[in-house]
Amino acid sequence: MEDLGKVFISERVEQKWTSKWHDECCFDKTVDNSKESFCILMPPPNVTGVLHMGHLLNNTLQDVFVRRARHCNKCATWIPGMDHAGISLQVKVEKELIQSGINPKKIGREMFLDYARAWRDKHGGMILSQLKSLGVSCDFKNQIYTLNENYSLAVLTAFVELYKRGYIYRGKRIVNWCPKTLTALSDEEVIMKPQKSKLYCVRYDIVERPGQFIDISTTRPETIMGDAAIAVNPDDERYKGLVGLHCKRPLNIADIPIIADQAVDKNFGTGILKITPAHGAVDFAVAQRHSLPIIDILNPDGTLNALAGDEFVGLDRFVVREKAVEKLQMMGALPKVEEYENNVGFSERGDVPIEPRLSEQWFLKYPKIHEARCAVSKGFIKFYPKRWEKTYLHWLDNIQDWCISRQLWWGHRIPVWYKKNSDRSNSDNWHVSVDRPSNIADWEQDEDVLDTWASSWMWPLGVFGWPNQEKMSQECFQYFYPTSVLVTGPDIIFFWVARMIIASMEFLGPDKKSLSDEEIKERIPFKSVYFTGIIRDKFGRKMSKSLGNSPEPLDLVAKYGTDGLRFGILLSAPSGQDLIFNEENLKLGRNFCNKLWNAFRFSRINRSYKPYSQVPLADIVAKIEVADLDIDDHAILSNLIKFCITFEGQMKNFEVNAAINSISSFFWNEYCNWYVEASKVRLRGENKTVFAVHDIIMRQLLLLLNPFIPFITDELWNVGEYEHNQRSMQNLYCETAKDLQLAFHALNLDETSIATVLQLKEFLNLSRRLISQCRESKERMALYICPPNEVAMNILKDYTLKLQQLVGLEKIDFTDKILQFPSIQTPLGIVYLHVTQINTPEEKKKLTLEINKLSKLIKLSEVQLSNKEFLSRAPAHIIEGSKKMLRENTFKREELCKILSMM
RNA sequence: GGGGAAUUAGCUCAGUUGGUUAGAGCAUCAGCAUGACACGCUGGGGGUCACUGGUUCGAAUCCAGUAUUUCCCACCA
């Protein structure tokens with residue numbers, strides 16, 4: 001065996017294993033019909049993105065799941081991809097063009113797209129290569145990009161099909177308009193932010209009643225010029241007489257009617273609402289009901305147009321707000337201004353307030369809402385943690401039509417052509433098809449592209465080549481669909497998760513108006529959804545570029561090693577909760593790896609016989625001499641099985657954090673701190689059985705740990721020569737608890753050894769406490785033990801050698817007398833420490849304290865056991881337990897009292 | 001306004017259907033070069049389980065209410 005250094009140095013092995021895995025095609029998609037399939041689709045990162053902590057967590061989890069699946073004898077694949085990131089990329093390219101003096105709007109669509117593609121090729125896709133270096137085990141040869149020809153076909157086919165099925169329509173409606181990126185947005189892309197603003201009270205004169213006026217509250221005086229009416233609630237007694245009259249619009253002066261509409265809230269402000277049909281969703285609805293004119297005073301970029309009147313034309317909306325206020329004040333039409341906090345919608349990408357704007361867009365009325373609902377509520381798709389189901393269902397219950405067109409160039413261009421010089425509002429003049437019309441010269445294509453999410457929602461179908469049947473079978477759709485688990489953040493539950501489910505319900509299989517439960521089950525895109533937490537900094541803030549509170553993942557790799565980083569991040573990720581990032585945990589991850597490294601070094605140290613070649617578990621077990629097995633061997637092997645059962649359950653339920661803690665606790669506490677230490681005495685004698693037990697534990701740990709820390713485990717697996725000819729352990733089978741039980745059958749493991757070892761542990765702990773309290777010098781000391789019975793005596797006698805080693809004692813002796821030494825009670829008897837000088841008052845104080853504590857417990861038990869209700873209602877084992885405790889504590893107290901009386 | 005989640009040691013969190021004296025890791029304190037590991041080992045201290053009621057023989061756990069924190073949805077008057 002080669003010489004391993006004291007410290008595990010991650011970077012020495014990472015590169016090697018990354019290339020090895022990919023050279024050996026460990027992660028290539030294959031189909032093995034004898035095995036269960038397992039498939040994860042990577043949520044495609046934005047082509048514009050760079051690796052951040054969220055990706056790290058998300059992809060580490062996916063990697064853990066897929067690697068674990070491979071060890072569980074599943075035929076597993078993980079398909080990576082990349083999202084073209086519509087607005088995001090377009091904004092980036094525009095910025096770059098402007099910086100180099102090019103007006104992106106003027107160069108035309110084709111040239112812009114050339115620039116965009118060039119940008120993508122140069123800067124795009126950083127993440128995937130960064131992920132590769134983090135050890136993710138996806139099939140990099142099989143990357144899907146949302147603008148690929150095949151994938152685009154899926155996106156466009158979906159559009160065309162939905163149009164044919166009557167779900168897509170073109171409409172002139174109020175949409176969320178981003179004046180910065182000059183495109184419409186979906187409701188989901190609007191972020192509400194609380195803003196400190198002002199509530200202006202504006203005075204409108206009543207035309208028919210000179211000298212009379214009404215006051216109206218508004219936060220947006222710049223839209224007054226677009227007012228088409230003034231509305232009150234029909235039930236509002238105060239204003240009943242006004243309905244049907246007119247009032248004077250104070251800016252861009254005109255007479256506008258006073259109308260009554262239910263949409264007005266009597267209790268807000270003065271109870272009067274100004275109606276600006278082109279610039280508010282409610283207002284637009286009111287205007288439609290009352291056939292009001294629509295006065296659109298805004299340009300797409302947020303400046304005002306001629307309809308606003310000469311004095312405002314060309315000015316920005318916020319400049320106009322100030323000017324309007326000034327003017328109203330001069331006119332005496334502004335009786336009151338109050339400070340006011342309200343929520344304002346911001347454009348997610350542009351980060352400016354969105355403008356509700358009337359415009360013509362493509363809308364989708366969601367299909368298969370009921371089915372998408374059932375898929376989750378009936379448990380065909382399981383959410384982890386389950387509570388996100390409510391959020392999902394609530395969204396579906398309140399779903400609004402989706403504006404899917406974007407006024408951008410980068411993306412999937414809407415597959416609709418209009419007859420040249422014809423009326424576009426008449427659908428007779430449309431050609432809606434994946435293929436362009438044959439006499440293309442007579443047609444012009446819709447200028448817009450689809451919302452990026454209207455392409456990513458096809459992900460589970462598109463990656464498998466839908467709708468092309470040939471491609472689908474080539475991509476093994478039948479075998480891998482539905483995919484196993486989707487790992488993503490809850491922040492895109494509406495954007496993406498819900499929509500993927502809807503798309504799958506609608507498009508998989510024949511077109512049907514509704515689906516049976518069986519059909520829903522067949523169409524689900526994934527069986528489980530694992531929602532990760534959101535990574536926050538230690539102040540609980542989201543990690544973001546603007547706050548600068550996100551560490552650079554690759555720096556962390558350099559500091560803690562990839563394995564340490566992976567382990568650390570999972571350690572701090574309790575399931576179902578946001579996680580507070582703490583670099584301390586990464587240190588723990590690194591330390592864990594180092595501990596594993598050294599435990600391995602220990603298990604291989606000083607071995608005279610040759611390393612194994614190709615070692616199946618059975619061969620190692622066969623090296624054990626059953627007669628040589630001692631209590632610790634029995635206990636550690638029994639514990640290994642117990643721990644594996646726990647671990648398997650946790651992994652099955654996606655409790656990664658808990659699983660890591662179990663494995664860490666078994667490895668560190670049971671194995672390193674107890675078994676390794678206890679076995680040192682026997683290892684002096686080249687005990688084959690002990691070597692074999694170490695080997696079994698190490699081998700199993702490496703297999704179980706591999707999904708979490710793939711580099712170090714593969715390295716050790718090979719150094720340890722569990723496999724001959726330096727093969728990676730990636731696709732090896734990991735024995736289950738059941739397999740272990742079978743393999744250990746011939747060993748006749750005694751499970752009661754676990755309890756006995758627990759007693760020994762406590763005995764040891766208490767003895768050590770006594771020693772550390774009363775230690776007089778660095779010399780080794782002597783203990784005298786007074787066991788309460790034969791059984792305890794025998795346990796201790798068998799263990800004497802180990803005890804001496806573990807406590808570092810000069811001598812252990814047994815006694816049946818009460819000695820004048822400092823003492824402590826243990827489950828295996830009273831222990832006396834031989835000292836030259838005893839501090840009697842101190843000892844007396846200690847004993848009295850202990851006696852008092854016992855007395856309290858005894859009292860408690862007595863009270864409980866004298867309670868008739870308790871005796872008649874509590875289950876037998878609880879009563880028995882209480883009695884046993886009373887007995888034991890009474891006995892203990894008597895013992896201590898005796899010692900005390902002798903002092 | 002509607003809904004979700006959280007509240008347990010200084011910090012981060014476990015605590016399974018109520019049941020013996022509430023756990024872990026980190027931090028802290030003390031000790032230790034003990035045949036892998038100081039990225040380590042050993043031991044100690046530290047909790048009125050947010051609060052108030054209720055159900056129960058028995059409540060961190062179940063119920064009701066209160067408080068605080070937090071997230072999501074709705075909302076440019």
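Chain letters run A, B, ... following the sequence lines, proteins first and then strands; every chain starts at 1. Values reported hereafter were calculated over all heavy atoms of this structure, with side chains retained and with hydrogens, waters and symmetry mates removed. All values reported here derive from a predicted model rather than from experimental measurement.
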I need the full list of salt bridge (Lys or Arg N to Asp or Glu O under 4.0 Å) pairs touching residues 584-593 of chain A, with sequence neighbours left out, sorted by first then second residue. E584(A)-K587(A)

Sequence neighbours left out, what pairs pass salt bridge (Lys or Arg N to Asp or Glu O under 4.0 Å) with at least one residue falling in residues 849-862 of chain A? none

Under 4.0 Å, counting only non-hydrogen atoms across every strand here, what does [X] touch: a base, just sugar-phosphate, or nothing?
X: C593(A); result: nothing
X: L199(A); result: sugar-phosphate
X: A263(A); result: base
X: V676(A); result: base

Checking F8(A) now: which residues fulfil ring-ring contact (aromatic ring centres under 6.0 Å, His included) with it, not counting sequence neighbours? W597(A)

Kindly write out the residues that satisfy ring-ring contact (aromatic ring centres under 6.0 Å, His included) with Y675(A), not counting sequence neighbours, or none if the list is empty. H694(A)

With the side chain counted from C-beta on, respond yes when [X] and [Y] share a heavy-atom pair under 4.5 Å apart, and no when they do not.
X: N585(A); Y: I569(A); result: no
X: L358(A); Y: W177(A); result: no
X: Q825(A); Y: F891(A); result: no

Pairwise [atom1] distance for [N] and [M], with rounding to whole Å:
N: C76(B); M: G19(B); atom1: P; value: 50 Å
N: U69(B); M: U16(B); atom1: P; value: 27 Å
N: G2(B); M: G54(B); atom1: P; value: 29 Å
N: C62(B); M: U17(B); atom1: C1'; value: 11 Å
N: G10(B); M: U55(B); atom1: P; value: 32 Å
N: A24(B); M: G15(B); atom1: P; value: 15 Å
N: G65(B); M: C73(B); atom1: C1'; value: 26 Å
N: C37(B); M: C51(B); atom1: P; value: 47 Å

What pairs with E583(A) under salt bridge (Lys or Arg N to Asp or Glu O under 4.0 Å), at least two apart in sequence or on another chain? K559(A)

Would you tabulate the nitrogen or oxygen pairs shorter than 3.5 Å linking the protein to nucleotides 43-45 of chain B?
residue	atom	partner	partner atom	Å
G43(B)	OP1	N765(A)	ND2	3.0
G44(B)	OP1	R769(A)	NE	2.7
G44(B)	OP1	R769(A)	NH2	2.4

Closest nucleotide among C76(B), U42(B), A36(B) to the N673(A) side chain: U42(B)

Does a salt bridge link D316(A) with R321(A), judged by any charged N lying under 4.0 Å from a carboxylate O? no

Ion pair present between D227(A) and K274(A), side-chain N to carboxylate O less than 4.0 angstrom? yes

List the steps and the verdict of side-chain hydrogen bond (donor to acceptor under 3.5 Å, both in side chains) for E189(A) and S186(A). CA-CA 5 Å; E189(A) 287 164 288; S186(A) 68; 3.0 Å; yes

Test your reading of the model: is there a side-chain donor-acceptor pair from [X] to the backbone of [Y], 3.5 Å cut-off?
X: R499(A); Y: F495(A); result: yes
X: N598(A); Y: K6(A); result: yes
X: N233(A); Y: V264(A); result: yes
X: N653(A); Y: G649(A); result: yes

Tabulate atom names and distances for all N/O pairs under 3.5 angstrom spanning the protein and nucleotides 69-74 of chain B.
none

Measuring to OP1 and OP2 of C41(B), would you say a side-chain N or O of K595(A) lies under 4.0 angstrom away? yes

Extract all donor-acceptor atom pairs below 3.5 Å that involve side chains of residues 763-770 of chain A and protein atoms in other chains or at least two apart in sequence.
residue	atom	partner	partner atom	Å
S767(A)	OG	F763(A)	O	2.7
R768(A)	NH2	L806(A)	O	3.1

Length of the line joining E762(A):CD and U42(B):C1', which is rounded to integer Å: 16 Å

Can you measure K198(A) atom NZ to C76(B) atom C1' for me and round it to whole angstrom units? 16 Å

Atom pairs under 3.5 Å, N or O on each side, protein against nucleotides 24-34 of chain B: can you list them with distances?
residue	atom	partner	partner atom	Å
C32(B)	OP1	K778(A)	NZ	3.2
A33(B)	OP2	K778(A)	NZ	3.4

Throw together a table of side-chain donor-acceptor distances under 3.5 angstrom for residues 391-399 of chain A, partners on residues two or more places apart or in other chains.
residue	atom	partner	partner atom	Å
Y392(A)	OH	A372(A)	O	2.7
H394(A)	NE2	N398(A)	ND2	3.4
W395(A)	NE1	E188(A)	OE2	3.2
D397(A)	OD1	R373(A)	NE	2.8
D397(A)	OD2	R373(A)	NH2	3.1
N398(A)	ND2	H394(A)	O	2.8

Would you tabulate the pairs of protein nitrogen or oxygen atoms and nucleotide nitrogen or oxygen atoms of nucleotides 16-23 of chain B closer than 3.5 angstrom?
residue	atom	partner	partner atom	Å
U20(B)	O2	G881(A)	O	3.4

Among residues 350-358 of chain A, which ones have heavy-atom contacts with RNA chain B below 4.0 Å? I354(A), P356(A)

